[in-house]
Protein chains: 2
Amino acid sequence: MASTKASTIYDVAKVAGVSHQTVSRLLRGYAGIREETRARVLDAIKQLDYHPNITARNLRNGSTGMIALAIPDLRQPYFAELAQSVISAARDAGLTVFVETTDGNPERELAVLGGTQSQLVDGVLYIPKSIDADILTAQNIEFPIVLLGDRILDSQFDHVTLPNLEGARAAVQHLISLGRTQVAFIGAEPDTDFGAAALRLRGYRNALESAGIAYRHDLVIFDSEWERHSGASSMRALLDSGVPFDAVFCCNDALAIGALRTLLSAGLKVPGDVAIAGFDDTEDARFSFPSLTSVAPGRDELARAAVGLLQRRIEEGGARGAREEIVSGYSLAIRESTVGAA
Amino acid sequence: MASTKASTIYDVAKVAGVSHQTVSRLLRGYAGIREETRARVLDAIKQLDYHPNITARNLRNGSTGMIALAIPDLRQPYFAELAQSVISAARDAGLTVFVETTDGNPERELAVLGGTQSQLVDGVLYIPKSIDADILTAQNIEFPIVLLGDRILDSQFDHVTLPNLEGARAAVQHLISLGRTQVAFIGAEPDTDFGAAALRLRGYRNALESAGIAYRHDLVIFDSEWERHSGASSMRALLDSGVPFDAVFCCNDALAIGALRTLLSAGLKVPGDVAIAGFDDTEDARFSFPSLTSVAPGRDELARAAVGLLQRRIEEGGARGAREEIVSGYSLAIRESTVGAA
DNA sequence: CCCGAAGAGTTTATCGATAAAAAAAGCGAC
DNA sequence: GTCGCTTTTTTTATCGATAAACTCTTCGGG
């Protein structure tokens with residue numbers, strides 16, 4: 001650490017009566033060292049409480065064992081939980097993570113890619129929010145990067161994403177199976193055919209279709225913020241529109257929590273009057289009242305896959321293999337907001 | 001970045017036709033450089049898109065511009081929001097943060113202090129959970145460290161904490177001002193006179209006293225987890241005990257959210273039958289239904305203070321000044337769980 | 001008895017920056 | 001024109017590790 005003078009391999013070497021190189025070799029598991037010498041060096045290491053200086057090693061080796069995690073905002077539970085999973089997965093992989101929050105701000109999202117600290121890390125795990133594929137491609141990125149999360153667009157980059165379509169379809173099918181026929185959708189995004197919103201909307205339509213229910217524009221609410229407050233206003237808008245509905249699928253749990261709040265404060269019963277389901281299975285979904293039915297992507301699995309993929313790319317060095325796309329599995333956590341007593 | 005050969009100070013020097021030292025000096029804002037030379041160097045820097053190698057600089061300077069944030073678990077909103085504030089504050093201070101999650105596990109909490117990466121950072125911002133002052137003191141820590149958060153114990157270290165007693169007192173006074181007289185307390189911890197739980201309990205007792213209400217053991221529920229699930233079971237326990245109560249103060253919002261859920265699913269009206277207040281003012285408190293009255297510590301202020309203090313300690317080097325203790329301000333966010341219509 | 005190969009260590013160069021010392025250039029005064 | 005002083009620039013050493021090249025034993029074979 002900065003404030004104390006730590007011992008170096010030279011100190012160890014001096015104590016052990018060998019050259020620094022012998023120490024270095026031993027540390028890196030080099031075979032040709034006599035048993036007696038090895039013992040002396042190990043002894044010196046213990047005696048001096050020597051720890052290799054990572055910075056020096058990094059400088060020499062050119063790699064740091066650190067990855068950056070670019071994430072919009074830890075205040076949102078979905079991101080916080082994802083970050084936690086990534087950090088754990090990275091630790092298991094022997095990497096340390098360096099969290100860079102972007103606020104979903106395009107400028108800051110870009111800054112991460114060119115920023116000062118990008119040289120400190122071996123690669124970047126990127127959870128984009130407002131940046132789209134074209135901008136990203138135009139950046140001419142020449143280091144390992146893996147995109148992660150729901151808002152992944154078709155791009156040249158490796159990415160790890162959620163079963164958007166399938167998950168949404170399963171949730172909506174569940175709502176329909178309860179006898180609901182007027183299922184609203186909150187969280188559509190205008191003007192995109194790609195991305196999580198579009199895929200989840202497609203899953204919703206798929207489910208309607210297979211149940212023989214006609215798709216209706218007036219049940220689809222646009223909302224590209226996907227936060228609690230926007231979910232609350234979107235639901236307000238839906239209620240104000242006067243269009244009758246008996247269920248809602250929200251693109252994520254934050255929207256659902258906000259929508260749920262609006263429903264309850266409007267005096268409606270959930271799930272009596274309106275059943276509601278979300279996506280992400282964040283922890284707050286389990287403790288709302290009624291608790292929230294939600295699509296649960298394998299978050300840890302996702303994080304592990306992303307870290308693993310990034311690590312492979314780092315090891316590959318320049319030689320880039322074909323782009324990879326990993327999609328996690330999912331399950332549907334059914335709770336009170338769809339099958340409650342109320 | 002690892003995969004591409006970045007240009008160095010020597011490359012810049014060659015292009016500009018000067019020595020590397022001239023470049024270095026210019027970069028560090030040294031005055032004695034002729035205008036014409038300066039222009040040539042700046043030109044070369046731009047031309048080569050040169051960025052200084054941080055690792056090399058760190059090795060030479062002995063400092064890294066990075067701090068570690070040791071935090072139990074990002075999945076808990078309070079920690080996630082605090083982490084977000086710390087990261088922002090650090091960025092403003094020109095530091096980058098390196099998040100280390102400990103799961104509140106004593107072993108891992110200790111590991112952070114001796115761990116490999118501790119040499120990578122200039123200091124540590126430590127949010128302890130299960131570790132106590134004695135253990136920490138015994139660690140013989142010889143680098144800058146600042147303790148942060150609610151669970152700060154009396155110790156030899158600098159720390160930045162919340163107005164535990166005052167905040168709790170204000171919340172309970174508010175409950176009493178609504179005419180509630182049987183105010184329960186969830187989140188007490190056995191066997192401690194220090195720490196947030198004890199201080200908040202004292203605040204609770206203060207409020208009762210000044211209102212002339214007798215303190216009653218049967219209204220105080222022990223809970224040292226302070227999580228949603230434990231809040232739910234603590235409330236369950238309180239209800240099962242049969243002790244009548246018309247208000248609850250919970251030591252944090254997570255407990256309150258869990259308790260709220262139990263109350264509502266037991267068919268009680270909030271705040272009609274029971275008013276409830278929490279502590280932390282996390283975002284989920286604002287979107288529960290009813291929304292949750294909560295003590296709002298100045299989280300950003302807290303984070304800024306902690307980062308600032310740590311930075312000062314880092315700059316001081318070994319020469320340690322007197323221990324500092326900073327307590328943030330607070331306000332009470334009054335919401336539906338105490339003054340709702342229901 | 002000398003040569004070559006293998007084994008065990010040591011010396012020297014390097015990563016890319018900063019710091020200190022040394023050298024060169026510029027400039028006014030005598 | 002050159003001495004001395006300041007300004008500007010270059011040279012050399014250093015941070016703590018790794019990599020490559022080199023030295024010194026030891027030992028077996030011809």
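Below, chain A is the first sequence line, B the second, and so on; all start at residue 1.
- The aromatic rings of Phe98(A) and Phe98(B) sit perpendicular, their planes meeting at an angle over 60°, well past the 30° parallel limit.
- Each of Gly17(B) and Leu59(B) lies near DNA chain D, and the nucleotide nearest Gly17(B) is the one positioned closer to the 5' end.
- A salt bridge links Arg108(B) with Asp103(B): the closest approach of a Lys/Arg side-chain nitrogen to an acidic carboxylate oxygen falls below 4.0 angstrom.
- For the pair Arg299(B) and Glu301(B), the salt-bridge criterion is not met [side-chain N within less than 4.0 Å of a carboxylate O].
- Using a 4.0 Å heavy-atom cutoff across all strands shown, Thr8(B) reaches sugar-phosphate atoms only and no base atom.
- Under 4.0 Å is where a charged nitrogen must lie from a carboxylate oxygen, and between Arg38(B) and Glu36(B) no such pair does.
- Note that OG of Ser328(A) is 11.5 Å distant from CZ of Arg304(A), once rounded to the nearest 0.5 Å.
- A heavy-atom distance below 4.0 Å to DNA chain C is reached by these residues of residues 33-50 of chain A, ordered by number: Ile33(A), Arg34(A), Thr37(A).
- At its two ends the helix from dC1(C)-dG30(D) to dC30(C)-dG1(D) runs along axes set 80° apart, each axis drawn from five pairs and the angle rounded to 10°.
- Put simply, CG on Leu162(A) and CG on Leu148(A) are 8.0 Å apart, with the number rounded to the nearest 0.5 Å.
- Between the CG atom in Leu69(A) and the CD1 atom in Ile87(A) there is a gap of 7.0 Å [rounded to 0.5 Å].
- Enclosure of atom CD in Glu315(B) by more than 12 non-hydrogen atoms of other residues, nucleotides or ligands within 6.0 angstrom is indicated.
- As judged by a 4.0 angstrom heavy-atom cut-off over every strand, Arg25(A) is placed among the base-contacting residues.
- One atom, CD1 of Ile9(A), and another, P of dT11(C), lie 13 Å apart when rounded to the nearest Å.
- Using modelled atom types and a 3.5 Å distance limit, the side chains of Asn58(B) and Thr55(A) yield no donor-acceptor pair.
- Chain A approaches DNA chain D within less than 4.0 angstrom (heavy atoms of the protein), and the contacting nucleotides run 5' to 3' from dG16(D) to dA21(D).
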